[in-house]
Colleague: 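Got a structure here, written out as structure tokens. Questions coming.
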Amino acid sequence: MRLLVLADSLAFHGPREAMPADDPRLWPNVAARRVGGSAEIVAGFGWTARDAWWAITRDPRVWALMPRIDALVLGVGSMDTLPSPLPTYLREGLRYLRPEQLRRRVRETYLTAQPHLARLLGGRPVALPPRLSVAYLDRCLRGVRSLRPELPVIATLPSVHRAPAYGHVHTGRAPAASAITAWASTVDVPLLDLAALAREHVAAGRGNPDGMHWGWETHEVVGAALADLLRRAT
């Protein structure tokens with residue numbers, strides 16, 4: 001079995017740092033190994049459901065893989081729920097500021113203010129509102145099914161965090177999880193509940209010090225759960 005996993009940094013970040021996509025401890029590779037296959041991870045830091053759609057429509061690597069995969073995992077949605085005091089286009093645009101000294105100063109100021117703003121604004125707005133997360137997930141699904149109607153597709157429910165960078169605020173998760181669950185029930189897409197699998201681990205501080213990414217034990221647990229879903233779906 002060959003898996004294509006479109007995901008955020010939870011798919012390639014370990015307890016200390018980001019890892020190469022072929023690291024066997026990452027949950028997509030754990031899942032693939034358990035079903036006797038391999039995984040292709042196409043992912044990025046901060047990726048939302050919109051980025052997954054862009055990967056499907058703009059990335060030639062994905063186009064090349066699509067005819068040869070046996071299952072698709074839409075491992076996005078967690079970053080959609082994070083507090084984003086600045087609109088995404090402004091927040092992402094900070095990297096393009098010049099000169100470099102100005103970019104660094106503005107970025108440091110924003111990162112310092114972000115947790116305070118997240119608490120002040122109650123975690124809103126989020127990086128991507130639930131209705132848009134669902135809309136982009138649905139575009140991904142319909143686009144793939146137009147090419148491969150028989151291809152099993154699995155989506156994920158958002159994970160949890162205790163990240164100081166976001167003021168330990170995560171009010172955006174519940175609405176997103178509810179919206180994705182309702183959508184998945186209408187399109188026959190199984191869901192992997194990342195929060196249920198990672199919550200105890202994250203709450204106990206056994207993951208990355210950033211309070212968001214996981215330790216290897218959770219990668220193993222998530223990979224095993226995904227493998228079980230894949231066996232039932234294929």
Side-chain angles (χ1 to χ4, degrees), residues 5-18 26-27 43-52 73-92 94 107 110-137 154-184 191-219 221-222 225-226:
V5 180
L6 300 178
D8 50 45
S9 57
L10 293 176
F12 62 83
H13 208 292
R16 296 184 182 179
E17 59 191 352
L26 297 172
W27 63 263
F45 284 103
W47 270 27
T48 65
R50 178 166 49 202
D51 293 286
V73 180
L74 296 172
V76 288
S78 295
M79 304 304 162
D80 306 37
T81 69
L82 296 177
S84 182
L86 273 183
T88 300
Y89 70 92
L90 288 177
R91 175 169 43 82
E92 293 293 320
L94 295 180
R107 185 174 182 273
Y110 176 69
L111 292 179
T112 299
Q114 181 176 264
H116 304 290
L117 292 172
R119 289 190 293 268
L120 179 65
L121 300 174
R124 294 178 176 81
V126 293
L128 198 66
R131 62 179 178 80
L132 290 181
S133 295
V134 166
Y136 282 111
L137 288 172
I154 293 172
T156 56
L157 290 176
S159 185
V160 293
H161 76 78
R162 57 191 294 274
Y166 295 98
H168 299 90
V169 176
H170 204 186
T171 52
R173 186 198 174 274
S178 178
I180 293 171
T181 299
W183 164 76
L191 291 173
L192 181 67
D193 189 346
L194 299 180
L197 299 167
R199 181 176 284 110
E200 180 182 354
H201 176 87
V202 172
R206 298 201 303 272
N208 190 287
D210 66 10
M212 181 176 301
H213 297 100
W214 306 330
W216 296 124
E217 61 180 289
T218 295
H219 277 275
V221 168
V222 171
L226 175 57

Colleague: Please round to the nearest 0.5 Å and tell me the distance separating atom OH of Tyr136 and atom CG of Asp51.
Modeller: 9.5 Å
Colleague: Got a second to check how far Asn208's CG is from Arg16's CZ, nearest 0.5 Å?
Modeller: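 It comes to 10.5 Å.
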Colleague: Measuring only between side-chain heavy atoms, which start at C-beta, is Phe45 closer than 4.5 Å to Asp8?
Modeller: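 No, their side chains stay 4.5 Å or more apart.
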Colleague: Atom OG1 of Thr156 and atom CG of Leu191: how far apart are they, to the nearest 0.5 Å?
Modeller: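 Here the interatomic distance stands at 8.0 Å.
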Colleague: For Glu200, is the CD atom crowded, meaning more than 12 foreign heavy atoms sit under 6.0 Å from it?
Modeller: no
Colleague: Should the heavy atoms of other residues, nucleotides or ligands under 6.0 Å from CZ of Arg119 be counted, would the total exceed 12?
Modeller: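 It does: Arg119 CZ has more than 12 such atoms within range.
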Colleague: Nearest heavy-atom pair of Asp210 and Pro164: which atoms, and what distance?
Modeller: O-CD, 3.6 Å
Colleague: Can you name the nearest heavy-atom pair linking Pro83 to Ala118, along with the distance?
Modeller: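 Of all heavy-atom pairs spanning Pro83 and Ala118, the closest is CB-CB, 3.8 Å.
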Colleague: When you measure from the side chain of Ser133 to the backbone of Ala49, do you find a donor-acceptor pair of N or O atoms at a distance under 3.5 Å?
Modeller: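 Flag not set: sc Ser133 to bb Ala49 has no pair under 3.5 Å.
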Colleague: Write down the atom of Trp27, the atom of Leu226, and the distance for their closest heavy-atom approach.
Modeller: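 Answer, listing the atom of Trp27 first, then Leu226: CZ3-CD2, 3.6 Å.
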Colleague: Minimum heavy-atom separation for Trp214 to Ala198, with atom names?
Modeller: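 In terms of heavy atoms, the two residues are closest at NE1-CB, 3.7 Å.
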Colleague: My understanding is that only residues two or more places apart in sequence, or in another chain, count here; which of them pass salt bridge (Lys or Arg N to Asp or Glu O under 4.0 Å) with Asp193?
Modeller: Arg173
Colleague: Run through Leu197, Val73, Leu157 and flag the one making a side-chain contact (heavy atoms from CB on, under 4.5 Å) with Leu192.
Modeller: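 Only one option passes, and that is Leu197.
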Colleague: Backbone N or O of Ala195 within a donor-acceptor pair of the Ser159 side chain at under 3.5 Å?
Modeller: no
Colleague: What heavy-atom pair brings Ala52 and Leu6 nearest, and what distance separates the two atoms?
Modeller: O-CD1, 4.0 Å
Colleague: So, applying side-chain contact (heavy atoms from CB on, under 4.5 Å) with Val202, which one of Met212, Arg162, His213 is it?
Modeller: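 So the option named by the test is Arg162.
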Colleague: To the nearest 0.5 Å, tell me how far Arg199 CZ sits from Thr218 OG1.
Modeller: 12.0 Å
Colleague: Quick one: CH2 on Trp216 to CZ on Arg206, what's the gap to the nearest 0.5 Å?
Modeller: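 Rounded to the nearest 0.5 Å, the CH2-CZ separation comes out at 16.0 Å.
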Colleague: Which atom names give the shortest non-hydrogen contact between Pro130 and Ala179, and what distance separates them?
Modeller: CB-CB, 3.9 Å
Colleague: Would you say Thr48's side chain and Met79's backbone share a donor-acceptor pair under 3.5 angstrom?
Modeller: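 Absent.
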Colleague: Can you check whether Tyr166's main-chain N or O pairs, donor with acceptor, with Gln114's side chain at less than 3.5 Å?
Modeller: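 Judged by distance alone, no pair lies under 3.5 Å.
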Colleague: Output, in order, the C-alpha distance, side-chain angles, deciding distance and verdict of side-chain contact (heavy atoms from CB on, under 4.5 Å) for Val134 and Ile180.
Modeller: CA-CA 6 Å; Val134 166; Ile180 293 171; 4.3 Å; yes
Colleague: Is it the case that the side chain of Ser178 and the backbone of Pro175 share a donor-acceptor pair, with hydrogens and angles ignored and the cut-off at 3.5 Å?
Modeller: no
Colleague: With rounding to the nearest 0.5 Å, note down the distance linking CG in Leu74 to CG in Leu137.
Modeller: 6.0 Å
Colleague: Is a donor on one side and an acceptor on the other found under 3.5 Å between the side chain of Thr181 and the backbone of Ala177?
Modeller: yes
Colleague: With a 3.5 Å distance limit and no angle check, can you tell me whether Asp80 reaches the backbone of Val126 through a side-chain donor-acceptor pair?
Modeller: no
Colleague: For the pair Ser78 and Leu194, evaluate side-chain contact (heavy atoms from CB on, under 4.5 Å) and give the outcome as yes or no after the intermediate values.
Modeller: CA-CA 9 Å; Ser78 295; Leu194 299 180; 3.9 Å; yes
Colleague: Mark yes or no for whether His168, through its side chain, and His161, through its backbone, hold a donor-acceptor pair below 3.5 Å.
Modeller: no
